[in-house]
Protein chains: 2
Amino acid sequence: MSQTPKHSADAPVPTSTDVARLAGVSRATVSYVLNDTSAVRISEPTRRRVREAAEELGYVPHAAARSLRAGHSRMVLLPTAHVPVGPLYSRFLNEVQWALRALDYTVVQYGSLGLGADEAARAWAELRPVAVLSLGEIGLTPHGVRVLKRSGAKAVITLGPQRVEGAHALVMDQRAVGSAAAAHLLERGRRAIGVVVPAEPGLDLFSRPRLAGVRKAVSEGGADQPARVEPLTMAYDEESAARLAAAWRGLGLDAVYAYNDEYAQLLMRALQDAGVDVPGECAVVGADDLLLGKLLRPRLSTVHIELPTGREIAELVDRVVRDPDGDVERHDLMAAHAIGRESS
Amino acid sequence: MSQTPKHSADAPVPTSTDVARLAGVSRATVSYVLNDTSAVRISEPTRRRVREAAEELGYVPHAAARSLRAGHSRMVLLPTAHVPVGPLYSRFLNEVQWALRALDYTVVQYGSLGLGADEAARAWAELRPVAVLSLGEIGLTPHGVRVLKRSGAKAVITLGPQRVEGAHALVMDQRAVGSAAAAHLLERGRRAIGVVVPAEPGLDLFSRPRLAGVRKAVSEGGADQPARVEPLTMAYDEESAARLAAAWRGLGLDAVYAYNDEYAQLLMRALQDAGVDVPGECAVVGADDLLLGKLLRPRLSTVHIELPTGREIAELVDRVVRDPDGDVERHDLMAAHAIGRESS
DNA sequence: AGACGGTGGTGACACGTGTCAGTTACGTGT
DNA sequence: ACACGTAACTGACACGTGTCACCACCGTCT
């Protein structure tokens with residue numbers, strides 16, 4: 001066990017054939033024993049011999065060969081985004097992973113970094129996953145969906161701000177977030193609302209609908225007291241925030257919805273440093289209901305987002321895998337409600 | 001193209017045999033053409049016919065069958081942690097992924113959620129990765145390393161606080177972080193240092209060495225002015241922080257090193273709410289040099305950690321894959337230096 | 001004595017691919 | 001006229017696994 005720790009590199013990887021030879025049985029028997037196939041009866045002494053042989057050789061089955069033979073796998077592909085993901089998102093992702101594993105799926109995150117949308121889909125298809133669950137950003141075209149389905153994927157599910165032709169869609173309508181924020185500000189009597197739009201590329205898939213949601217809420221707000229909406233581009237760094245804050249007084253705004261809590265924190269700090277009173281002079285509201293919001297002074301108002309649970313997602317995947325020809329579902333989810341704290 | 005969008009489920013997945021049949025050539029020719037095998041000459045007209053046939057059928061090669069035949073893959077397995085990862089870590093992970101892909105490796109994140117260490121290693125080994133790069137928490141035993149190498153993994157590399165027998169180790173000595181923080185506080189004249197130890201399980205792999213580093217720096221600090229170290233357990237939520245802050249005066253401490261910036265933020269806020277003056281009454285220092293530290297008032301002192309770049313890691317992986325029998329390296333990295341701001 | 005049924009196991013094929021060794025067809029040199 | 005080289009392609013095997021159909025053996029019943 002402790003000898004020859006080094007040149008194990010040239011030792012061939014043990015296969016079920018090696019196990020069979022060592023146990024003095026056929027390869028078929030080995031397969032039956034190690035997979036606990038109930039339809040075939042193997043005597044207990046033989047079972048033990050096989051198990052011991054496998055143990056001694058350190059035999060580990062070859063997943064690729066297995067799924068090649070089986071004609072299918074239980075692999076769920078989870079394309080990873082290349083955008084900087086927030087804490088809310090990464091917690092959700094972990095939850096989904098757990099739930100899928102509980103249903104006996106093999107979850108694989110696979111990055112498509114640097115590839116085009118269709119090239120990425122092709123690369124995913126090579127792995128022959130039984131399901132593809134694309135979270136957040138799309139990066140999936142109708143053509144990509146066809147390629148995946150053609151390669152045997154039973155379920156292609158997108159969870160994001162918009163739907164993709166051919167795929168099951170869990171539409172998270174980000175506009176609801178903007179609407180909730182705007183409604184909250186209007187209710188508090190604000191009438192000139194700035195909307196921070198992140199300068200970072202990749203986030204616009206989220207930020208644009210959120211902005212649209214603000215506009216919608218404002219226009220529906222009733223004509224009794226018309227309000228104004230002003231988009232403001234800002235990057236996630238101190239200089240950009242300071243620049244925006246310095247110009248604040250000239251903008252004539254009395255409120256700002258800052259995309260999410262992290263941007264809100266950054267901007268609020270810059271505003272305070274520039275001598276702008278929050279919430280007196282300007283109300284600030286973020287989104288995502290992160291812990292940090294409660295730590296700020298004034299405490300940050302935010303929009304809490306109700307995401308589906310990991311288990312719900314996993315069960316949807318499982319349902320679609322079992323019945324791929326079911327109707328293409330389109331669920332609208334994402335309930336959002338504002339939480340008023342001290343900053344608004 | 002737009003017809004039969006539904007019952008594509010029963011259509012068999014096209015293989016290279018189908019392509020060959022459609023193009024009127026042998027399967028071997030298809031393989032040569034699609035892989036651009038330079039050693040074999042195929043006429044240009046034939047090449048085109050094959051390519052067109054593949055395109056028409058939507059042929060995508062089967063990665064499993066390919067690597068089965070080849071006897072090896074270029075897959076790098078990146079076990080994902082189940083601990084809540086910080087922003088520093090997740091940025092680093094993305095960087096590594098990029099760099100590996102640039103070297104033509106297929107990066108796969110694979111979670112071992114809910115499995116024991118050795119069961120997880122076995123599950124990884126089934127995928128027959130050419131390399132395993134375990135970041136952060138270990139979750140890898142010497143036995144697990146043997147299983148992986150036995151299954152054909154050329155490189156097993158751990159990057160974490162401690163090394164694992166048999167694997168190449170990039171040791172990030174977390175003690176350096178604690179030492180830097182303590183040295184900084186001592187230099188500023190503090191003599192009674194509290195050390196926040198997260199209550200969250202899974203983080204103790206980091207927090208324990210950091211605490212040890214504090215102790216080391218204090219004991220080496222010279223006997224001219226002996227200092228005291230006091231471990232303090234705290235969870236990452238407001239109640240826990242408030243509880244600790246309420247008892248603060250009784251502890252007789254004049255400084256605290258709070259594991260990382262996020263815990264420091266939480267504690268500092270609680271201390272301020274409890275009327276403890278920072279830094280007058282108590283100096284606070286965090287770690288990881290996150291952006292949020294600069295946004296706090298007083299600005300948070302921190303310990304900046306110098307991580308290896310993604311490219312360095314990727315090149316190490318590549319080197320070990322090419323020469324697996326090279327010496328088991330043990331790199332000590334992680335330079336850490338304190339950044340004094342206003343909170344200490 | 002021969003048919004019968006159950007126990008315990010095996011031989012052989014298929015999955016989709018890459019690649020080596022051959023095999024045509026054809027022009028060329030002596 | 002015949003060997004020879006070369007361009008262009010193909011037949012067949014191997015990779016490691018799961019599973020179906022089949023087989024040998026042995027005790028039991030009529």
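Note on naming: letters A, B, ... go to the chains in the order of the sequence lines (proteins, then strands), and numbering restarts at 1 for each one.
- A cation-pi geometry, defined here as NZ or CZ lying under 6.0 Å from the six-membered ring centre and within 45° of its normal, does not hold between A:R122 and B:Y59.
- Looking at A:R74, its side chain never comes within 3.5 Å of a backbone N or O of A:V130 through a donor-acceptor pair.
- With C:dG18, D:dC9, D:dC20 as the candidates, the nucleotide lying closest to the side chain of B:N35 is C:dG18.
- Rounded to whole angstrom, the span from the CZ atom of B:R41 across to the C1' atom of D:dC9 amounts to 12 Å.
- Residue contacts shown for B:T29 include a base, since a base heavy atom lies under 4.0 Å away.
- Comparing A:A28 and B:R27 by the nucleotide of DNA chain C whose heavy atom lies nearest to each, the residue mapping closer to the 5' end is A:A28.
- Note: CD (B:E44) to P (D:dA8) measures 11 Å, nearest angstrom.
- Atom-to-atom, OH of B:Y59 to P of C:dG18 comes out at 6 Å; the value is rounded to the nearest Å.
- Between the B:R49 side chain and the B:A23 main chain, a donor and an acceptor come within less than 3.5 Å of each other.
- Looking only at distances, a side-chain donor or acceptor of B:T309 sits under 3.5 Å from a matching main-chain atom of B:E312.
- Within 4.0 Å of B:S31, counting heavy atoms only, lies at least one base atom of the nucleic acid.
- Computed from coordinates, the A:D36 CG to D:dT19 P distance equals 13 Å when rounded to whole Å.
- Here the side chain of B:H62 is nearest to one of D:dT10, D:dT17, C:dG16, namely C:dG16.
- Backbone-only contact: B:T46 has heavy atoms under 4.0 Å from sugar-phosphate atoms and none from a base.
- At the heavy-atom level, A:R66 lies under 4.0 Å from the strands shown only through sugar-phosphate atoms.
- Within 4.0 Å (heavy atoms only), B:A70 reaches no atom of the nucleic acid at all.
- Positionally, the nearest nucleotide of DNA chain D for B:V25 lies more toward the 5' end than for the other of B:V25 and B:L68.
- Ranked by how close their nearest DNA chain D nucleotide is to the 5' end, B:I42 and B:R69 are led by B:I42.
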